[in-house]
2 protein chains.
Amino acid sequence: MAITLKEVAERAGVSRSAVSRTFTDGASVSEKMRRKVEKAARDLGYSPNALASSLTTGRTKLVGLISNNFHNPIFLEVFDLFTRGLQDRGLRPLLVNLTDETDPQASVRMLRQYSVDGAVVASSTLPPGFSKAFRDAGVPVVHSFGRYSSAPQVHVVGIDNVECGRMAARTLVARGYRKIAFLGGPEGATSTQDRYSGFFSELGAHRDVKTSYSFADAYSFDAGRREMLRLLKSDPAEAYFCGDDVLSIGVLSAIADSGLRVPEDIGIIGLNDMEMARWENINLTTIHQPIRQIVTSSIELMVAMLDEPDRYPEARIFPCSIVERGTLRSLS
Amino acid sequence: MAITLKEVAERAGVSRSAVSRTFTDGASVSEKMRRKVEKAARDLGYSPNALASSLTTGRTKLVGLISNNFHNPIFLEVFDLFTRGLQDRGLRPLLVNLTDETDPQASVRMLRQYSVDGAVVASSTLPPGFSKAFRDAGVPVVHSFGRYSSAPQVHVVGIDNVECGRMAARTLVARGYRKIAFLGGPEGATSTQDRYSGFFSELGAHRDVKTSYSFADAYSFDAGRREMLRLLKSDPAEAYFCGDDVLSIGVLSAIADSGLRVPEDIGIIGLNDMEMARWENINLTTIHQPIRQIVTSSIELMVAMLDEPDRYPEARIFPCSIVERGTLRSLS
DNA sequence: GTTAATTTTGCAACCGGTTGCAAAAGACGG
DNA sequence: CCGTCTTTTGCAACCGGTTGCAAAATTAAC
């Protein structure tokens with residue numbers, strides 16, 4: 001159906017190699033030849049078949065974009081940034097939705113069938129072992145929003161969730177809260193575990209602070225609301241560090257329904273600083289996660305790995321910062 | 001790097017064709033041969049190269065998933081549904097972000113280079129001409145959330161936006177509002193235009209209703225809030241039909257800030273019924289758009305077209321319905 | 001046990017490109 | 001104008017598969 005190299009060659013009256021070379025930059029073609037070929041190509045509406053060429057060059061410019069976070073609005077921004085960033089570099093994202101698939105091998109096999117040049121795992125909940133499966137299969141991989149490890153097996157770009165936990169704890173203590181709780185996201189998520197451990201390691205130094213914790217079963221409004229409604233039934237804490245902004249918003253809604261006020265009766269601090277957090281009717285105090293930088297850096301790392309597949313694995317950690325809005329009582 | 005057909009053939013001591021046939025269903029292979037080949041393949045960790053086979057079969061199982069809506073949370077759900085639905089049918093979504101690209105030809109060329117089997121345009125703002133460019137290039141295309149036309153040039157799956165406009169108008173009139181406004185999304189979007197025309201065609205029959213209209217410059221919280229703050233300065237209407245839920249939420253926030261109450265002072269009706277609309281702290285009355293059905297139907301249509309590329313174009317229109325929540329005064 | 005009908009297998013050409021190599025063409029110097 | 005060096009071009013093999021066709025192997029029928 002589509003026009004092939006051969007047809008262009010025939011029309012231009014040159015060899016197939018000549019046509020191939022005009023469309024390969026860096027190849028040796030005279031100006032005269034190039035013009036002749038380009039004319040023929042234009043007349044015929046030819047455009048080279050990227051897949052066929054990948055067969056010999058070994059590069060498809062396809063990059064697997066793998067995620068299981070299709071319910072958290074911040075991931076729409078993540079996808080936006082990734083797709084645009086990859087496109088700008090001539091790479092094509094092959095999107096893989098892991099929602100109902102947890103076996104890394106299946107994804108690895110699939111992406112190898114399509115000869116992707118690399119894979120980006122964009123998820124804060126998948127375990128490090130998942131991305132390792134790609135590396136073991138010889139597929140360059142970057143785990144964005146993944147767990148930081150001091151001896152990373154694969155490239156990781158993200159934040160230090162342990163430090164975020166500490167930061168939240170310090171902030172709450174500084175505001176004078178003395179009965180503090182951790183309301184985490186899914187218990188199995190690495191991000192939840194790390195924030196938990198940072199949070200409580202910091203609070204360990206404060207013997208006068210009463211602590212408690214629980215987990216929501218998803219990073220979602222409903223999960224947050226449900227869990228908070230449960231907590232409100234019996235002796236709630238003075239302030240909660242929530243696993244995520246969207247969870248926090250559910251929590252806020254539960255509190256509002258119960259007739260209590262934020263921040264007067266209960267303080268809330270979230271994490272992510274998603275767009276909604278600054279909506280005037282939410283106005284959530286939260287910890288900012290530098291999504292844009294994480295994505296940009298992930299793409300740069302991916303691009304670097306295409307030229308240097310055995311690059312020594314590194315972890316790139318970006319600092320987070322508190323964004324003060326209206327859901328914690330003020331310092332003074 | 002990866003294991004090839006030839007290596008498996010050598011190890012199994014059979015011809016390359018034999019190996020190829022064991023991995024092609026419907027091909028003639030004896031049980032004995034199949035076992036021999038499968039053993040060799042397993043030992044070597046072979047998996048066939050989908051791209052190489054596409055060269056001869058003419059099918060890549062790649063489907064372009066094209067959108068420019070990377071800021072509206074409902075599209076995260078749309079992407080979720082599309083990726084899972086396509087995956088379930090063995091198709092692979094190649095994601096194309098059109099945010100900073102408006103020339104259809106560039107996308108068409110790119111997707112042809114990757115020999116996609118088809119393309120899904122998922123956007124309520126792209127003009128019909130955009131998807132037509134794919135059809136003209138011989139790429140099977142479905143425009144999801146696209147403009148309905150009685151003589152569609154390409155397959156369209158979506159809702160009747162004109163009827164939605166009418167529905168909103170009827171609802172507002174029935175609630176006794178007599179000073180009614182249209183607060184649309186981007187003026188250039190086909191969905192905005194259609195809702196506008198339906199809305200005012202219905203109101204044309206009511207001479208006693210005062211009308212007005214304006215447009216937000218994006219389907220976003222900020223745009224809605226900004227526009228509403230402007231409108232509130234001078235003689236606002238009694239009720240607004242907003243182009244979209246996320247716009248409505250921005251509008252609600254502006255109204256709350258101004259000290260007015262919803263629905264007592266101003267009524268709001270949105271469109272989409274996104275997840276957030278039913279959050280207890282938002283509780284938006286809106287028009288439900290059956291996203292799940294639209295996506296499922298789009299995928300079915302896409303799959304059908306793979307077998308029958310010249311299928312006669314059809315429009316599949318799904319009915320919308322009003323979801324009554326708390327932002328319009330009650331009927332009584 | 002033969003022979004015919006059927007199934008399985010391998011050969012070789014092909015899909016749409018790329019690329020090493022050697023021949024052809026141009027550029028340069030004298 | 002000739003010889004040499006450099007650039008451009010075409011040939012042919014290859015990338016990793018598929019497939020029509022005919023030969024080989026089975027199976028069925030007698």
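Sequence lines set the chain letters: A, B, ... in the order given, protein chains first and strands last, and positions in each chain run from 1.
Note: CG (A:Leu5) to P (C:dT19) measures 12 Å, nearest angstrom. Rounded to whole Å, atom P of D:dG17 lies 12 Å from atom NZ of B:Lys6. Atoms CD1 (B:Ile3) and P (D:dC15) sit 14 Å apart, rounded to a whole Å. If you take CZ of A:Arg35 and P of D:dT8, they are 13 Å apart, rounded to a whole angstrom. For the pair B:Leu55 CG and D:dT18 C1', the interatomic distance rounds to 10 Å; values are reported in whole Å.
Between B:Phe79 and B:Phe70, a ring centre-to-centre spacing shorter than 6.0 Å is recorded.
Side chain of B:Ser191 to main chain of B:Ser124: a donor-acceptor pair is present (N/O by atom type, distance under 3.5 Å, no hydrogens or angles). Of the possible donor and acceptor atoms, one in the side chain of A:Gln87 sits under 3.5 Å from a partner among the backbone N and O of B:Asn97. In this structure a side-chain-to-backbone donor-acceptor pair under 3.5 Å is present from A:Tyr114 to B:Thr60. At distances below 3.5 Å, not a single donor-acceptor pair connects side-chain atoms of A:Arg311 with backbone N or O atoms of A:Ala304.
Between B:Arg84 and B:Asp88, none of the side-chain N atoms (NZ, or NE/NH1/NH2) sits under 4.0 Å from a carboxylate O, so this pair counts as no salt bridge. The pair A:Arg35-A:Glu31 meets the salt-bridge criterion, since a charged nitrogen lies less than 4.0 angstrom from a carboxylate oxygen. A salt bridge between A:Lys39 and A:Asp43 is present, with a side-chain N of the basic residue lying under 4.0 Å from a carboxylate O of the acidic one.
The aromatic rings of B:Phe23 and B:Tyr46 stand perpendicular to each other, their planes meeting at an angle above 60°, with 30° marking the opposite boundary.
Heavy-atom distances under 4.0 Å link DNA chain C to B:Val14, B:Ser15, B:Ser17, B:Ala18, B:Arg21, B:Ser28, B:Val29, B:Ser30, B:Met33 of residues 8-34 of chain B, given in residue order. Non-hydrogen atoms lying under 4.0 Å from DNA chain D are contributed by nothing in residues 42-53 of chain A. For DNA chain D, no neighbouring residue in residues 108-117 of chain A is found when judged by any heavy atom under 4.0 Å.
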Is there a ring pair (Phe, Tyr, Trp, His ring centres under 6.0 Å) between A:Phe145 and A:Phe75? Walk through the geometry before answering. CA-CA 11 Å; A:Phe145 305 97; A:Phe75 269 81; 5.7 Å; yes

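Annotation: the terminal axes of the helix from C:dG1-D:dC30 to C:dG30-D:dC1 meet at 30°, where each axis is the rotation carrying the C1' atoms of four end pairs onto the next four (5 pairs per end, rounded to 10°).
Counting heavy atoms from C-beta outward, A:Glu300 and A:Arg316 have side chains that approach closer than 4.5 Å.
Counting heavy atoms of neighbouring residues, nucleotides and ligands inside a 6.0 Å radius, atom CZ of A:Arg292 does not exceed 12 of them. Other residues, nucleotides and ligands contribute at most 12 non-hydrogen atoms within 6.0 Å of the CG atom of A:Asp25.
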Distances under 3.5 Å only, N/O to N/O: pair up the protein atoms with those of nucleotides 23-25 of chain D.
none

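The heavy-atom pair separating A:Met305 from A:Pro140 by the smallest distance is SD-CB, 4.0 Å.
Annotation: salt bridge (charged side-chain N to carboxylate O under 4.0 Å, His left out) contacts of A:Arg34 (sequence neighbours excluded): A:Glu38.
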